[in-house]
Amino acid sequence: MSFPEPRPQAPQLPQHLLRSIDCQQGAVRAVRFNADGNYLLSCGSDKSLKLWSVSRGTLLKTYSGHGYEVLDADGSYDNSQLCSCSSDKTLILWDVATGQVTRKLRGHAGKVNCVQFNEEASVIFSGSLDGSVRCWDTRSRRFEPIQILDEARDSVSSLKVAQHELLTGCVDGRVRRYDLRMGQLHVDFISSPITCVCFSQDGQCTLSSSLDSTVRLLDKSTGEMLGEYTGHKMKGYKLDCCLSSKDTHVLSCSEDGHVYCWDLVEGSLTLKLPVGKAVVQSLSFHPTETRLLTAMEGRVQVWGAEPEEEGDGDAMAM
């Protein structure tokens, strides 16, 4: 008979403000870590996309080409390309180094809310107010999408890609999971409009936030509700939720100026992070470390588990 292992130490949470970046691009609509967590992308209401060093908080490049505010962005795993989407109904594929537009993709009939590369950055997935998800081949010269998924009955607010699976959240209150390899669709009905979806790191669960001020954790294969997380305020804004890098905590933006952080298993609120006095619009958790990005109005905040030592920023810089 084996004895239970000692309870591991409680994971630390990003509660120390390391730096605040004035992005100077109007309201920041979304903030995203890149694949390795060394850079961040900020999407502005001034039509620009900006790339920053996380460790220094310095601006590396500005990408201009959209005709209206930028709503979401993603970086390829090799950091050579970016994709962004906008209220102007287009997606843009960017060359990171030159800042040039590689492709401009048109086809959606409404603003494009969310965008993500697949792992090889060979396909871009985009979700729109027009109720469709479009899949675009980044390597061909075709300007039409290679596939259109139009099962949604309202605006597609959020999407996430993991290997051969695509997860979408929709204002019609449904979380849809497409198995792209098998051509299957699984639907979970949540009665309230969904603002954000994501997979757990282990790929077993899905997380969704909705306008009834609730974040829900579902078992991916059965649709069983594993957890409900409440206390934050989400009534009228499209706000992000996410899981910590080790799946120990659930995090959500809130309209009351805080980020709420719950213990995934127990469902108890472990941290209420005061970001400011306005709506926390967006957040992004570092892929491996205890770091968090938040966006409020025109600023992005970088949070860590420990206060930074003097000179740390330079030591970590690229």
Side-chain angles (χ1 to χ4, degrees), residues 14 18-19 21 23-25 28-44 47-66 70-86 90-105 112 114-126 135-140 158-164 166 198-199 201 240 242-246 282-295 300-304 312-318:
L18 304 182
R19 63 189 52 80
I21 302 167
C23 296
Q24 297 185 335
Q25 53 186 153
V28 176
R29 295 300 181 206
V31 62
R32 303 283 179 251
F33 272 114
N34 74 320
D36 58 22
N38 290 326
Y39 306 102
L40 71 87
L41 295 163
S42 60
C43 304
K47 315 175 193 174
S48 75
L49 173 68
K50 291 187 176 183
L51 178 70
W52 307 81
S53 158
V54 173
S55 57
R56 289 182 174 174
T58 48
L59 177 64
L60 302 173
K61 208 162 208 64
T62 300
Y63 302 85
S64 302
H66 279 295
V70 183
L71 298 178
D72 196 12
D74 190 30
S76 62
Y77 275 74
D78 64 0
N79 294 329
S80 68
Q81 300 182 93
L82 302 173
C83 60
S84 60
C85 62
S86 166
T90 70
L91 292 79
I92 293 183
L93 182 65
W94 308 88
D95 181 278
V96 168
T98 64
Q100 297 298 308
V101 174
T102 309
R103 310 242 334 249
K104 200 164 197 173
L105 300 166
V112 188
C114 44
V115 66
Q116 199 184 349
F117 283 112
N118 67 340
E119 200 160 346
E120 298 78 35
S122 57
V123 179
I124 299 172
F125 296 87
S126 59
C135 317
W136 312 83
D137 186 337
T138 60
R139 294 171 183 171
S140 83
S158 174
L159 61 77
K160 291 293 182 301
V161 189
Q163 291 158 331
H164 59 277
L166 170 68
C198 58
F199 288 106
Q201 307 295 333
D240 291 339
C242 70
L243 285 149
S244 61
S245 53
K246 304 238 178 351
S282 180
L283 55 72
S284 180
F285 208 96
H286 192 285
T288 53
E289 296 170 18
T290 308
R291 297 230 160 174
L292 178 71
L293 301 174
T294 55
V300 168
Q301 299 81 23
V302 184
W303 305 84
D312 263 15
D314 293 329
M316 289 170 52
M318 312 307 293

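Basis for what follows: all heavy atoms, side chains included, without hydrogens, waters or symmetry-related copies. A quick note: this is a predicted structure, and the numbers were derived from the prediction, not measured.
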To the closest 0.5 Å, what do you measure between CZ (Arg32) and OG (Ser284)? 6.5 Å
For Thr90 and Lys104, indicate whether the former's side chain and the latter's backbone hold a donor-acceptor pair under 3.5 Å. no
Say whether, by atom type as modelled, one donor and one acceptor occur between the side chain of Asp72 and the main chain of Val115 under 3.5 angstrom. yes
What is the minimum heavy-atom distance between Trp303 and Thr294, and which atoms define it? NE1-OG1, 2.9 Å
Tell me, do Phe117 and Val161 make a side-chain contact under 4.5 Å, heavy atoms counted? no
Do Asn79 and Asp36 come within less than 4.5 Å of each other through their side chains, counting heavy atoms only? yes
Taking atom CD of Glu120 as the centre, does the number of heavy atoms from other residues, nucleotides or ligands within less than 6.0 Å exceed 12? yes
Hits for ring-ring contact (aromatic ring centres under 6.0 Å, His included) against Tyr63, two or more places apart or cross-chain, chain-then-number order -> Trp94
Output the distance between atom CD1 (Ile21) and atom CD (Gln301), rounded to the nearest 0.5 Å. 9.0 Å
Looking at every non-hydrogen atom in both residues, tell me the closest pair between Gln116 and Asp74 and how far apart they are. CG-OD2, 3.1 Å
Drop me the distance from Ser86's OG to Leu71's CG, to the nearest 0.5 angstrom. 6.0 Å
Residues in ring-ring contact (aromatic ring centres under 6.0 Å, His included) contact with Trp136, at least two apart in sequence or another chain: none
Do the side chains of Cys85 and Ser126 get nearer than 4.5 Å, heavy atoms only? no
Check against side-chain hydrogen bond (donor to acceptor under 3.5 Å, both in side chains), Ser282 and Asp240: CA-CA 5 Å; Ser282 180; Asp240 291 339; 2.6 Å; yes
Report yes if some heavy atom in the side chain of Ser80 is under 4.5 Å from a heavy atom in the side chain of Val96; otherwise report no. no
Considering non-hydrogen atoms only, spot the tightest contact between Trp52 and Ser42 and give its length. NE1-OG, 2.9 Å
Donor-acceptor contact present, side-chain Arg19 to main-chain Val54, <3.5 Å: yes
For the residue pair Leu283 and Cys242, what are the closest heavy atoms and their distance? CD1-SG, 3.2 Å
What pair of heavy atoms forms the shortest contact from Phe285 to Ser244, and how long is it? CZ-CB, 3.7 Å
Non-hydrogen atoms of Cys23 and Val300 that approach each other most closely: SG-CG2, 3.6 Å
Identify, with sequence neighbours excluded, every residue that meets ring-ring contact (aromatic ring centres under 6.0 Å, His included) alongside Phe199. none
With a 4.5 Å cut-off on side-chain heavy atoms, are Gln201 and Lys246 touching? no
Check against side chain to side chain contact (heavy atoms under 4.5 Å, CB included), Leu159 and Leu166: CA-CA 7 Å; Leu159 61 77; Leu166 170 68; 4.2 Å; yes
Side chain to side chain contact (heavy atoms under 4.5 Å, CB included) assessment of Asp137 paired with Val123: CA-CA 5 Å; Asp137 186 337; Val123 179; 5.6 Å; no
Can you name the one residue among Val31, Leu51, Asn34, Leu60 that meets side-chain contact (heavy atoms from CB on, under 4.5 Å) with Leu40? Val31
Just verifying a value: how many Å separate Leu105 CG and Leu91 CG, rounded to the nearest 0.5 Å? 5.5 Å
Is any side-chain heavy atom of Leu41 closer than 4.5 Å to one of Leu49? yes
Kindly indicate whether the side chain of Ile92, heavy atoms from C-beta on, has any atom under 4.5 Å from the side chain of His66. yes
How about Lys160: does its NZ atom have over 12 heavy atoms from other parts shown lying under 6.0 Å from it? yes
List the steps and the verdict of side-chain hydrogen bond (donor to acceptor under 3.5 Å, both in side chains) for Gln81 and Thr138. CA-CA 10 Å; Gln81 300 182 93; Thr138 60; 5.1 Å; no
Counting only N and O atoms by type, is there a donor-acceptor contact under 3.5 Å from the side chain of Lys50 to the main-chain atoms of Gln25? no
Consider only side-chain N and O atoms of Arg291 and Ser245, and report whether a donor and an acceptor are under 3.5 Å apart. no
